[in-house]
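Structure record follows, encoded as structure tokens.
These figures come from a predicted structure and were not determined experimentally. Residue numbers start from 1 in every chain, and the chains themselves are labelled A, B, ... in the order their sequence lines are given, proteins ahead of strands.
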Amino acid sequence: MANFFARTLLKWHRDNPRPLPWATTNPDPYHIWLSEIIMQQTRIEQGTAYYLRFVNKFPTVDSLASASTDQVMRLWQGLGYYTRARNLHKAAKHIVENLDSNFPDTYEGLLALPGIGPYSAAAISSFAFGRRHAVVDGNVKRLIARFSGVRSSIDDASTHLQIQQIASTFMTDVSTAVFNQAIMNFGALVCKPKSPLCAACPLATHCFAFQNNLVDALPVRTKKKDLRERYFHFVVLHYRGKFLLQRRVEKDIWHGLYVPPLLESKSTRIPSHTRLHSFVHGLIGHDDIEGIESSSTIRQLLSHQSINGRFIHYKLLAPPITSFETFVWVSKKTMNQYGKPKMVAEMLNDY
DNA sequence: AAATCGGGGTC
DNA sequence: GACCCAGATTT
């Protein structure tokens, strides 16, 4: 079975090339690493443009390490899961400062870097250094759950381990890098989540799900919980051609991005005049302001939250008295230096 | 083990 | 709308 799987998979791979900018005949570990971090939980079609921008702006790990946090976050804007960007930057600095700018060339060495977990350690160690570690990503879990008839939830850690072992068995006696590339491509292009191409699938003759009419029932996934509704009232303070942005800090969404100061509430209802003025006073030390306009509510769905955002604009009638370390007063021009969440970037572009 | 972290494409 | 993506990290 293992022999059939690998032989068939690799033949399909030869017949169906999928050019990827970072997968060249002479792979650069920096390029492989960069691509793997960017592609975590991201479709190739979405992430490739970001990869090209990063590798163009930061051609080497040294150039990435010397960049500012704001530069990195700005380039990452729109890609989501921003902890990836901060860990990418942290790892780059670590490699330059402590590893003489050389990437670890083992699975364990890579795993120790921030932002690199089991999948990325397997991917980078195999693609860049030819190490024998089978990758297990969403594609591989789905494909093997169907092919081998894995009935337990692919979200369980024990199932993940089981699939990892099956993949390792299938990988025997073939090039690790080619096998890993092939199995992910196959999962993405043939054994798709919805409407997989079973009629054209070369593995179908030995596929448990196909033979037992369970293709739509596998893989089994754990039901996810409902979204948390949140209501953000962004307060946009305008003063002499500039407006205030604030860097978001840890333990919430959009860490490291910049947003107008926001007042969170339990409903879509606009906060009271009193509460808004008190909030502004806490920010700039006075509330000598004049309301300009308020937007309607904009809804943005995240993986675990539903954000209902509203923008309330004020003009300052006196200069700000107080400030905070996270504040930046930006103009239309300088605002582009800072990474912002989608709904904030769109509001500023439209305003 | 479960929760958390974005945004976009696809059906 | 629901699902899911070259997952990792924290709780």
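The distance between atom CZ of A:Arg230 and atom P of B:dG6, rounded to the nearest whole Å, is 10 Å. Separating the CG atom of A:Leu88 from the C1' atom of B:dG6 is a distance of 17 Å, rounded to the nearest angstrom. The nearest whole Å value for the distance from the NZ atom in A:Lys224 to the C1' atom in B:dG6 is 12 Å. B:dC5 atom C1' lies 11 Å from atom CD1 of A:Ile307, rounded to whole Å. Rounded to a whole Å, the CZ atom of A:Arg84 is 16 Å from the P atom of C:dT10. Here the C1' atom of nucleotide C:dA6 and the CG atom of A:Leu34 are 13 Å apart, to the nearest Å. Atom pair A:Tyr81:OH and B:dG8:P shows a separation of 13 Å (rounding to whole Å applied). Per the geometry, CG belonging to A:Leu302 stands 18 Å off P belonging to C:dC4, to the nearest Å.
Checking A:Gly115 against A:Arg18, the closest nucleotide of DNA chain C that is more toward the 5' end is the one next to A:Arg18. For A:Asn87 and A:Leu20, each mapped to the nucleotide of DNA chain C holding its nearest heavy atom, the one lying further toward the 5' end belongs to A:Leu20. Toward the 5' end of DNA chain B, the nearer of the two residues A:Ser158 and A:Gly80, judged by each one's closest nucleotide, is A:Ser158. Along DNA chain B, the nucleotide closest to A:Leu257 and the one closest to A:His304 are compared, and the more 5′ of them pairs with A:His304.
Close placement of the A:Tyr351 and A:His313 rings is indicated, their centers lying within 6.0 Å of each other.
Remark: A:Arg142 is in phosphate contact with C:dC5, judged by side-chain N or O atoms under 4.0 Å from OP1 or OP2. In this model, the phosphate group of B:dC5 is approached by a side-chain N or O of A:Gln305 to a distance below 4.0 Å at OP1 or OP2. Proximity of A:Ser120 to the phosphate of C:dA8: a side-chain N or O atom is located under 4.0 Å from OP1 or OP2. Within the 4.0 Å cut-off from OP1 or OP2 of B:dG7, at least one side-chain nitrogen or oxygen of A:Tyr82 is found. Phosphate contact (OP1/OP2 of C:dT11, side-chain N/O of A:Lys251, threshold under 4.0 Å): present. For C:dG7, the OP1/OP2 oxygens have a side-chain nitrogen or oxygen of A:Gln41 closer than 4.0 Å.
The A:Lys194 side chain lies nearest to C:dC3 when the options are C:dG7, B:dG7, C:dC3. Ranking B:dG6, C:dA8, C:dC5 by closeness to the A:Tyr119 side chain, first place goes to C:dA8. When distances are taken from the side chain of A:Lys225 to each of B:dC5, B:dG7, B:dA3, the shortest belongs to B:dA3. Comparing atom distances between the A:Ala157 side chain and each of B:dA1, C:dA8, C:dT11 picks out B:dA1 as nearest. Between C:dA6, B:dC5, C:dC5, one nucleotide has an atom nearer to the side chain of A:Arg221 than all others, and that is C:dC5.
Counting only N and O atoms by type, the side chains of A:Asn180 and A:Ser126 include a donor and acceptor under 3.5 Å apart. In summary, the side chains of A:Ser63 and A:Ser66 do not present any donor paired with an acceptor at a separation below 3.5 Å, with no hydrogens or angles considered. In summary, the side chains of A:Glu36 and A:Tyr119 do present a donor paired with an acceptor at a separation below 3.5 Å, with no hydrogens or angles considered. No donor-acceptor contact under 3.5 angstrom links the side chains of A:His281 and A:His277, judged on distance only.
Residue contacts shown for A:Ile38 are absent, as no nucleic acid heavy atom lies under 4.0 Å away. A:Asp156 comes within 4.0 angstrom of no nucleic acid atom, judged by non-hydrogen atoms across all strands. Among the heavy atoms of the strands lying under 4.0 Å from A:Gln300 are primed sugar atoms or P, OP1, OP2 only; no base atom is included. Using a 4.0 Å heavy-atom cutoff across all strands shown, A:Thr42 reaches at least one base atom of the nucleic acid. Contacts of A:Trp22 with the nucleic acid, taken as non-hydrogen atoms under 4.0 Å apart, include base atoms. Using a 4.0 Å heavy-atom distance criterion, A:Gln181 is classed as a base contact. No contact: A:Asp155 has no heavy atom under 4.0 Å from any strand.
At a threshold of 4.5 Å between non-hydrogen side-chain atoms, the residues A:Leu317 and A:Ile289 do not count as touching.
Against DNA chain C, the stretch residues 336-351 of chain A makes no heavy-atom approach under 4.0 Å.
Each of A:Arg275, A:Arg230, A:Arg310 was scored for a salt bridge (Lys or Arg N to Asp or Glu O under 4.0 Å) with A:Glu264, with one residue passing: A:Arg230.
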Between A:Leu64 and A:Tyr30, does a side-chain contact (heavy atoms from CB on, under 4.5 Å) hold up when you go through it step by step? CA-CA 10 Å; A:Leu64 177 58; A:Tyr30 171 63; 3.8 Å; yes

Evaluate A:His304 against A:Arg228 for side chain to side chain donor-acceptor pair (under 3.5 Å), listing each step before the verdict. CA-CA 6 Å; A:His304 287 73; A:Arg228 172 160 70 119; over 6 Å; no

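Rounded to the nearest Å, the gap between the P atom of B:dC11 and that of C:dA6 is 14 Å. Taking atom C1' in both B:dG8 and C:dT9, one finds a spacing of 23 Å when rounded to whole Å.
If you take OG1 on A:Thr159 and CD1 on A:Ile154, they are separated by 8.5 Å, rounding to the nearest 0.5 Å.
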